[in-house]
**Student:** 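Take a look at this one; I'll ask things after.
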There are 2 protein chains.
Amino acid sequence: MKTKKLINSGADAVDEMLEGVLAAHPEHLYAVEDMPRAIVAKNGPRNGKVGLVIGGGSGHEPTFLGYVGKGLADAAAIGNVFASPPPDPIVACAKAADGGAGVLFMYGNYAGDVMNFDMAAELLGLDDIEVRTVLTTDDVASAPPEQGNKRRGVAGNVFIFKAAGAACDLMYSLEDVERVARHANSRTYTMGVALSPCSLPQTLKPNFLIGEDEMEIGMGIHGEPGVARGPLRSADEVTDQLLDGILGEMGAAEAGDRVAVLVNSLGSTPMMELYIMMRRVKARLEDAGLLIHTSLVGNYCTSLEMAGASITVMHLDDELQELIDHPCDCAMFRK
Amino acid sequence: MKTKKLINSGADAVDEMLEGVLAAHPEHLYAVEDMPRAIVAKNGPRNGKVGLVIGGGSGHEPTFLGYVGKGLADAAAIGNVFASPPPDPIVACAKAADGGAGVLFMYGNYAGDVMNFDMAAELLGLDDIEVRTVLTTDDVASAPPEQGNKRRGVAGNVFIFKAAGAACDLMYSLEDVERVARHANSRTYTMGVALSPCSLPQTLKPNFLIGEDEMEIGMGIHGEPGVARGPLRSADEVTDQLLDGILGEMGAAEAGDRVAVLVNSLGSTPMMELYIMMRRVKARLEDAGLLIHTSLVGNYCTSLEMAGASITVMHLDDELQELIDHPCDCAMFRK
């Protein structure tokens with residue numbers, strides 16, 4: 001059975017999406033000339049500011065292009081569905097984002113992205129643009145703690161990018177933006193659950209198989225295998241399982257500590273279900289003595305039409321709280 | 001086959017969702033005491049301002065509760081999934097929204113909602129609160145033009161409520177707010193397409209059946225029958241079919257006229273597909289000589305996890321443009 005999609009052709013889906021994005025958001029976004037996969041914030045880059053370049057595969061919208069705008073990322077390099085962008089649009093993004101104070105690359109820790117962003121950084125070095133890189137690794141289910149550098153970046157990107165983008169907007173130096181970005185990543189924890197697959201526009205076939213009454217805890221946003229598959233349980237039980245994983249990593253949290261929370265749909269899970277989970281998140285965090293400083297609920301990092309959800313907790317401190325509260329103005333996200 | 005949902009029980013889903021909404025948005029929303037289905041904007045009602053009360057069945061999130069906030073609706077009465085709220089929470093919303101200048105009820109034109117909101121208006125008359133009512137009827141596929149009063153209200157609600165809420169915030173009189181609301185409704189046109197059903201939390205069964213390669217043009221947001229069922233066509237062809245219906249109603253539009261556009265997901269259709277449609281919307285509207293003044297793309301009026309999309313065009317004039325541009329600050333929508 002083929003998945004039904006409102007597309008014209010699988011091969012054109014990403015480029016046509018980007019044309020639609022520019023059609024919808026002309027006041028916020030433009031594409032670098034002759035480089036339609038390099039999307040830049042009209043209100044972002046400026047002289048003396050560190051440029052923040054994010055990017056990765058398509059299919060996770062509003063990640064990445066929705067987070068391009070003043071106070072957040074200056075540009076995003078866009079790959080094919082679930083595939084890294086090649087070096088060229090990354091280089092173009094960096095040149096557009098560069099304000100003479102260096103450029104920070106931030107993206108999820110996936111091998112293809114690392115290879116292409118690193119190649120872009122080398123090319124930019126030849127042009128005397130200094131590039132630093134911070135990989136996001138917030139998915140606690142993707143590798144054990146002792147292999148933290150193997151973890152993948154998922155929905156926690158929103159908070160981690162936001163903290164770094166605010167630091168750029170506040171004119172931190174490249175060194176300080178890099179420090180803040182690493183710090184934000186180290187205090188951000190995500191765990192997800194998948195209920196049903198998505199399908200790529202090119203194949204229209206499910207990207208994994210799962211039983212009619214099953215869920216998979218810890219599955220990645222491209223369908224990477226998770227840590228446990230079993231019968232679907234109640235929203236409260238699933239939320240508890242995800243939060244147990246997250247809170248287990250937040251060993252240093254003390255009563256009274258503040259957190260930022262994201263309850264994210266992987267695509268087709270409705271807001272009704274996300275808010276039912278949010279209700280339980282609040283109860284559990286309060287039980288742990290933690291204060292919810294801010295929360296987001298909705299479609300922030302999706303996997304096309306996958307069903308399921310993820311919970312992200314960022315363990316705030318004074319600096320991170322200020323950066324998360326800092327205003328931003330993106331086409332698909334405002335604070 | 002049962003639909004998998006992250007809920008605790010079908011019977012509790014709406015109330016638990018509302019608890020989660022209040023947990024996530026304490027700075028924006030509260031529930032009237034002992035009336036959890038009456039959700040009020042903390043920053044909304046004020047003395048001398050006309051109160052705007054919206055509402056309807058759950059399952060369309062962020063419609064209705066996402067549009068409660070300063071510059072938009074003052075309160076929303078929340079029904080069960082796809083079912084009207086009873087009079088009690090509507091009365092409670094109106095009392096909370098009342099600033100002494102009267103209250104406007106706005107909601108989609110469905111028999112159950114009309115009955116319950118009318119009963120609430122009668123009860124409020126006993127308390128000397130003046131209530132006017134404007135029904136939204138933007139779904140052009142739901143009845144022929146000569147039976148416009150039988151048409152249903154769907155995603156165009158977002159623009160219509162926004163115009164009326166801005167008029168309230170600008171301290172228009174009740175008579176003027178009512179006039180603006182009717183004018184906004186009369187110039188707002190929506191048409192949708194459904195690809196696959198949703199299921200209610202109580203039943204977990206599909207609310208309609210459709211072939212593996214079929215789409216239904218004009219289906220309502222509760223699965224009401226549409227105007228044509230046939231094989232799924234390309235995004236451009238579907239967009240053209242929807243826009244033909246919409247532009248056919250906008251007979252008075254002249255070259256240079258401005259419009260507001262919404263490309264809305266019915267739930268599980270990803271942003272990628274919406275933006276592919278938006279690309280075609282822009283081309284078609286430009287061909288018709290119309291200028292896109294503003295556009296929204298995303299999940300604005302859903303049917304749980306239904307797959308499909310709708311296109312809304314509001315034909316602006318100077319007054320409507322000012323009202324659509326007016327700032328608003330809601331938990332799930334900011335301008």
**Student:** So how far is it from Asp236(B) CG to Ile7(A) CD1, rounded to the nearest 0.5 Å?
**Tutor:** 11.0 Å

**Student:** Please report the shortest heavy-atom distance between Tyr275(A) and Met17(B), naming the atom on each side.
**Tutor:** CB-O, 3.6 Å

**Student:** Below 4.5 Å from any heavy atom of chain A, which atoms of Val261(B) appear? Answer side chain, backbone, both or neither.
**Tutor:** neither

**Student:** Looking at Ser268(B) and Glu305(A), would you say the former's side chain and the latter's main chain have a donor-acceptor pair under 3.5 Å?
**Tutor:** no

**Student:** For each of Val21(A), Thr294(A), Leu22(A), tally heavy-atom pairs with chain B at distances under 4.5 Å, and name the one with the top tally.
**Tutor:** Val21(A)

**Student:** Within this structure, what is the CG-CG distance for the pair Leu232(A) and Leu6(B), rounded to the nearest 0.5 Å?
**Tutor:** 6.0 Å

**Student:** Give the member of Met215(B), Met277(B), Met332(B) that has the highest number of heavy-atom pairs under 4.5 Å with chain A.
**Tutor:** Met332(B)

**Student:** Is there a donor-acceptor pair under 3.5 Å between the side chain of Lys4(B) and the backbone N or O of Leu195(A)?
**Tutor:** yes

**Student:** Which heavy-atom pair separates Gly59(A) from Met272(B) by the least distance, and what is that distance?
**Tutor:** N-CE, 3.8 Å

**Student:** Please classify the contact of Asn299(B) with chain A as side chain, backbone, both or neither, using a heavy-atom distance under 4.5 Å.
**Tutor:** side chain

**Student:** With a 4.5 angstrom heavy-atom cut-off, is it the side chain or the backbone of Pro62(B) that approaches chain A, or both, or neither?
**Tutor:** both

**Student:** CD/Glu212(B) to OG1/Thr3(A) distance, rounded to the nearest 0.5 angstrom?
**Tutor:** 10.0 Å

**Student:** Name the member of Ser58(A), Pro270(A), Ser295(A) that forms the most heavy-atom pairs with chain B at distances under 4.5 Å.
**Tutor:** Pro270(A)

**Student:** Report the distance from atom CD of Glu61(B) to atom CE of Met271(A), rounding to the nearest 0.5 Å.
**Tutor:** 7.5 Å

**Student:** Between Glu214(A), Arg334(A), Met306(A), who has the most heavy-atom pairs with chain B when the cutoff is under 4.5 Å?
**Tutor:** Glu214(A)

**Student:** What part of Asp12(B) gets within 4.5 angstrom of chain A, counting heavy atoms only: side chain, backbone, both, or neither?
**Tutor:** neither

**Student:** Is it the case that the side chain of Asn8(A) and the backbone of Ser234(B) share a donor-acceptor pair, with hydrogens and angles ignored and the cut-off at 3.5 Å?
**Tutor:** no

**Student:** Tell me which of these, Lys5(B), Lys282(B), Glu237(B), has more heavy-atom pairs under 4.5 Å with chain A than the rest.
**Tutor:** Lys5(B)

**Student:** Which atom names give the shortest non-hydrogen contact between Met278(B) and Gly20(A), and what distance separates them?
**Tutor:** CG-O, 3.6 Å

**Student:** With a 4.5 angstrom heavy-atom cut-off, is it the side chain or the backbone of Ala13(B) that approaches chain A, or both, or neither?
**Tutor:** both

